[in-house]
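Remarks on the structure that follows.
Values reported hereafter were calculated over all heavy atoms of this structure, with side chains retained and with hydrogens, waters and symmetry mates removed. These numbers were taken from a predicted model, which means no experiment stands behind them.
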Amino acid sequence: MDQRLVNVIILGLGFMLLFTAFQTMGNIQQTVINSIISDDSTFKGDGYTSLAVIYGVLSISNWVSPSVLSKTGPKLAMLLGASTYW
């Protein structure tokens, strides 16, 4: 098997695991916040607002990332992207 194909498969599996965890937490976020509010009524938070902020930043990042990629090169751009997820 070609090494490039193996690299693409590993990268795809990594993204699948990352976004599976992200989507799972996004779907239960409002439920968790509601349970925190029932324990501590002074807590102010909203899972839907949090998701809106996350998706807004993700949209802007996707719009800016081609420019960053062209300035830094692929290796540094992938390192920067991975560090933001970390």
Side-chain angles (χ1 to χ4, degrees):
M1 194 180 287
D2 185 24
Q3 183 63 33
R4 291 180 296 177
L5 178 60
V6 171
N7 290 342
V8 169
I9 291 171
I10 291 172
L11 183 65
L13 288 172
F15 271 108
M16 182 190 74
L17 292 173
L18 177 73
F19 286 109
T20 299
F22 176 77
Q23 290 293 355
T24 301
M25 289 309 298
N27 288 335
I28 67 169
Q29 189 172 16
Q30 186 62 41
T31 305
V32 170
I33 288 177
N34 286 339
S35 69
I36 293 170
I37 291 172
S38 68
D39 290 341
D40 180 11
S41 61
T42 62
F43 180 78
K44 302 292 183 213
D46 187 12
Y48 301 121
T49 303
S50 174
L51 281 175
V53 169
I54 289 170
Y55 281 116
V57 170
L58 184 65
S59 298
I60 292 168
S61 298
N62 284 335
W63 186 63
V64 171
S65 63
S67 299
V68 173
L69 179 64
S70 68
K71 296 289 184 190
T72 62
K75 288 183 182 180
L76 186 56
M78 288 180 70
L79 180 67
L80 289 171
S83 66
T84 60
Y85 276 109
W86 180 58

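Of the N and O atoms on the side chains of Gln3 and Asn7, at least one donor lies less than 3.5 Å from an acceptor on the other residue.
Here the side chain of Asn27 pairs a donor or acceptor atom with the backbone of Gln23 at under 3.5 angstrom.
Classification of the Phe19-Phe22 ring pair by plane angle, with boundaries at 30° and 60°, yields perpendicular.
In plain terms, the two heavy atoms of Ser83 and Leu80 that are nearest each other are OG-O, 2.7 Å. The two atoms that bring Gly45 and Ile33 nearest to each other are O-CG2, 3.6 Å, heavy atoms only. Taking every heavy atom of both residues into account, Pro74 and Leu69 meet most closely at CA-CD1, 3.5 Å.
Heavy atoms of other residues, nucleotides or ligands lying less than 6.0 angstrom from OH of Tyr48 number 12 at most. Atom CZ of Phe43 is surrounded by more than 12 heavy atoms from other residues, nucleotides or ligands within 6.0 Å.
Cluster annotation: Leu18 and Met78 are assigned to distinct hydrophobic clusters (Ile/Leu/Val/Met/Phe/Trp/Tyr, side-chain heavy-atom contacts under 4.5 Å, transitive). The hydrophobic clustering, which links ILVMFWY residues whose side-chain heavy atoms are closer than 4.5 Å, places Leu51 and Ile28 apart.
Here OG1 of Thr42 is found 10.0 Å from CD1 of Ile37. Values are rounded to the nearest 0.5 Å.
Paired with Leu13 under the rule side chain to side chain contact (heavy atoms under 4.5 Å, CB included), one option of Ile10, Ile9, Leu11 passes, and it is Ile9. The residue from Asp2, Val8, Val6 that alone fulfils the side chain to side chain contact (heavy atoms under 4.5 Å, CB included) condition with Arg4 is Asp2.
Residues Ser50 and Ile54 have side chains in contact (heavy-atom distance under 4.5 Å, counting atoms from C-beta outward).
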